[in-house]
Amino acid sequence: MVSTMNEQALSRREVIVGAGALAALAGLAGCSGDGDGAGSMGVGDSGSAAASDDLLAQIQERGSMTFATEGTWSPWTFHNEAGELTGFDIEVARAIAAELGVDAEFAEGEWDGLLAGLDSGRYDTMANGVSVTPEREEKYAFTDPYAYIRIVVITTEDSDIASMHDLSGKTTANTLGSSYATLAESYGATNTGVDDFNQTIELLEAGRIDATLNDEVVFYDYMEQHPEAGLKIAAENSEPTHVAFPLRREAATESLLSAMNDAIASLRESGTLAELSNEFFGMDISQA
């Protein structure tokens, strides 16, 4: 988790003092506000004050960078058979942290809580296949894309849905606030909020929803693990979606944004992004 300053609790002592003692204390307090004492305190705090206004400096000072993630969305972010957190996003995050000279730490939770934690400053960014949308760009500063995906409509094999427009009047399920839910609703679907992809598939297979939207690579990964599932891709969005790391849109994140962009460029040039993509997706999604 993101490191925070420990608050020192001061113990309360009930003492009975005379008027003369109170006056003496008041006199001392008045003296402390003048002279070299206050001046040296300001100089001593200047470094910390500068770091507090620069997220990259904070990260480098603590030696770690915190990425928020779900941990339940294979192959982007999940736990392997040994219980270890891994996935394309997780390994890309670790590689970026290494480029910055710090360790990667991860905070797992549900989608809405991750966004709220990013907003409040509990997390530095998110490693969760975050799609860049016009609505999100109004609130967040995004890094350069490190992956490009196509959003598809997933249905049962006997579904009559054949295009995005066929979602009108249908029921879908996705995490609330996700780009998938927003896209489905833009075509007239009624979205049901869920916690993760596994719950979505359960609803779909039970016939409680008509379709769900997700990444093409997530569908193929699921079908590889569940070849008996009677599911298909019924339609796909025409334009590729850019995936990037979101940062709070503020002056404090500007240097971190620049450093992360340099790291992404270095990882792309070295072939690391392509290697990780092929490892987890069986294809290279690091190029448009």
- Note on the structure: In this structure, OH of Tyr187 is separated from CG of Leu167 (nearest 0.5 Å) by 8.5 Å

- Query: Mind checking whether Asn128 and Phe67 have side chains closer than 4.5 Å, heavy atoms only?
  - Reply: no

- Side-chain H-bond candidate by donor/acceptor type, Arg122 with Ser120, under 3.5 Å: yes

- side chain to side chain contact (heavy atoms under 4.5 Å, CB included) between Thr192 and Thr171: does it pass, once the steps are laid out? CA-CA 7 Å; Thr192 297; Thr171 56; 5.6 Å; no

- Item | Gln225, CD: over 12 other non-hydrogen atoms inside 6.0 angstrom | yes

- State, with a plain yes or no, whether a side-chain heavy atom of Ile149 is found less than 4.5 Å away from one of Pro240. no

- side-chain hydrogen bond (donor to acceptor under 3.5 Å, both in side chains) with Thr182: which residues, sequence neighbours excluded? none

- To the nearest 0.5 Å, tell me how far Glu275 CD sits from Asp284 CG. 10.0 Å

- Heavy-atom closest contact (Ala229 atom, Tyr222 atom, distance): CB-CE2, 4.0 Å

- Item | Distance in Å, Asp210 CG paired with Asp160 CG, rounded so as to fall on 0.5 Å steps | 8.5 Å

- Task: To the nearest 0.5 angstrom, please state how far the CG atom of Leu56 sits from the CG atom of Asp124.
- Result: 10.0 Å

- Message: If you define the side chain from C-beta out and look only at heavy atoms, does anything of Ile201 sit under 4.5 Å from His226?
- Response: no

- Query: What are the two closest non-hydrogen atoms of Ala259 and Leu100, and how far apart are they?
  - Reply: CB-CD2, 3.6 Å

- Query: Between the side chains of Thr69 and Thr77, does any donor sit under 3.5 Å from an acceptor?
  - Reply: yes

- Item | Close side-chain approach of Val218 and Val152, heavy atoms under 4.5 Å | no

- Would you please name every residue forming a ring-ring contact (aromatic ring centres under 6.0 Å, His included) with Trp111, sequence neighbours left out? none

- Phe142 and Ala244: which non-hydrogen atoms are nearest, and at how many Å? CD2-CB, 3.9 Å

- Query: Can you check side chain to side chain contact (heavy atoms under 4.5 Å, CB included) on Ser186 and Met164, steps first, answer last?
  - Reply: CA-CA 10 Å; Ser186 73; Met164 301 294 288; over 6 Å; no

- Message: Contact between Ser277 and Gln287 at the side-chain level, heavy atoms closer than 4.5 Å - yes or no?
- Response: no

- Item | More than 12 heavy atoms of other groups within 6.0 Å of Glu228 CD | yes

- Task: Would you please say whether a donor-acceptor pair under 3.5 Å links the side chains of Ser270 and Thr272?
- Result: yes

- Assess the side chains of Glu108 and His79: does a donor N or O sit below 3.5 Å from an acceptor N or O? yes

Would you be so kind as to tabulate the donor-acceptor pairs closer than 3.5 Å made by side chains of residues 230-237, with sequence neighbours excluded?
from, atom 1, to, atom 2, distance (Å)
Lys232, NZ, Glu157, O, 3.4
Lys232, NZ, Ser159, O, 3.2

- Query: Of the options Asp221, Thr175, Asp215, which is the one that meets Trp73 in a side-chain contact (heavy atoms from CB on, under 4.5 Å)?
  - Reply: Asp215

Solution key, residues 249-257 side-chain donor-acceptor pairs under 3.5 Å, sequence neighbours excluded:
from, atom 1, to, atom 2, distance (Å)
Arg249, NE, Glu137, O, 3.3
Arg249, NH2, Glu137, O, 2.7
Arg249, NH2, Tyr140, O, 2.7
Glu250, OE2, Arg248, NE, 3.4
Thr253, OG1, Arg248, O, 2.7
Thr253, OG1, Glu250, O, 2.9
Ser255, OG, Asp54, OD1, 2.6
Ser255, OG, Asp54, OD2, 3.2

- Flag side-chain contact, heavy atom, 4.5 Å: Leu213 against Val153: yes

- Hey, could you give me the CD1/CD distance between Ile209 and Glu202, rounded to the nearest 0.5 Å? 10.5 Å

- Task: Check whether any side-chain heavy atom of Leu247 lies under 4.5 Å from a side-chain heavy atom of Met260, and answer yes or no.
- Result: yes

- Item | Among Phe197, Phe280, Phe281, ring-ring contact (aromatic ring centres under 6.0 Å, His included) partner for Trp76 | Phe281

- Message: Please say yes or no: joined through hydrophobic side-chain contacts below 4.5 Å, possibly via intermediate residues, are Ile151 and Leu176 part of one cluster?
- Response: no

- Kindly indicate, with the supporting measurements, whether the criterion side chain to side chain contact (heavy atoms under 4.5 Å, CB included) is fulfilled by Ile96 and Val92. CA-CA 6 Å; Ile96 286 178; Val92 170; 4.0 Å; yes

- What residues form a salt bridge (Lys or Arg N to Asp or Glu O under 4.0 Å) with Arg94, not counting sequence neighbours? Glu91

- Query: Between Glu99 and Asp262, is any pair of side-chain heavy atoms under 4.5 Å apart?
  - Reply: no

- Note on the structure: Between Ala107 and Leu114 the two heavy atoms that sit nearest each other are O-CD2, 4.0 Å

- Atom of Ala173, atom of Leu203 and distance for their closest heavy-atom approach: CB-CD1, 3.9 Å

- Task: Apply side chain to side chain contact (heavy atoms under 4.5 Å, CB included) to the pair Leu276 and Ser286, showing each step before the final yes or no.
- Result: CA-CA 9 Å; Leu276 290 174; Ser286 67; over 6 Å; no

- Looking only at heavy atoms, what is the nearest atom pair of Ala97 and Asp103, with distance? CB-C, 3.9 Å

- Count the heavy atoms of every other residue, nucleotide or ligand shown that sit under 6.0 Å from CD of Glu224, and state whether that count exceeds 12. no

- Item | Residue list, ring-ring contact (aromatic ring centres under 6.0 Å, His included) with Tyr148, at least two apart or on another chain | His242

- Item | Distance (rounded to the nearest 0.5 Å) between Asn261 CG and Phe245 CZ | 10.5 Å

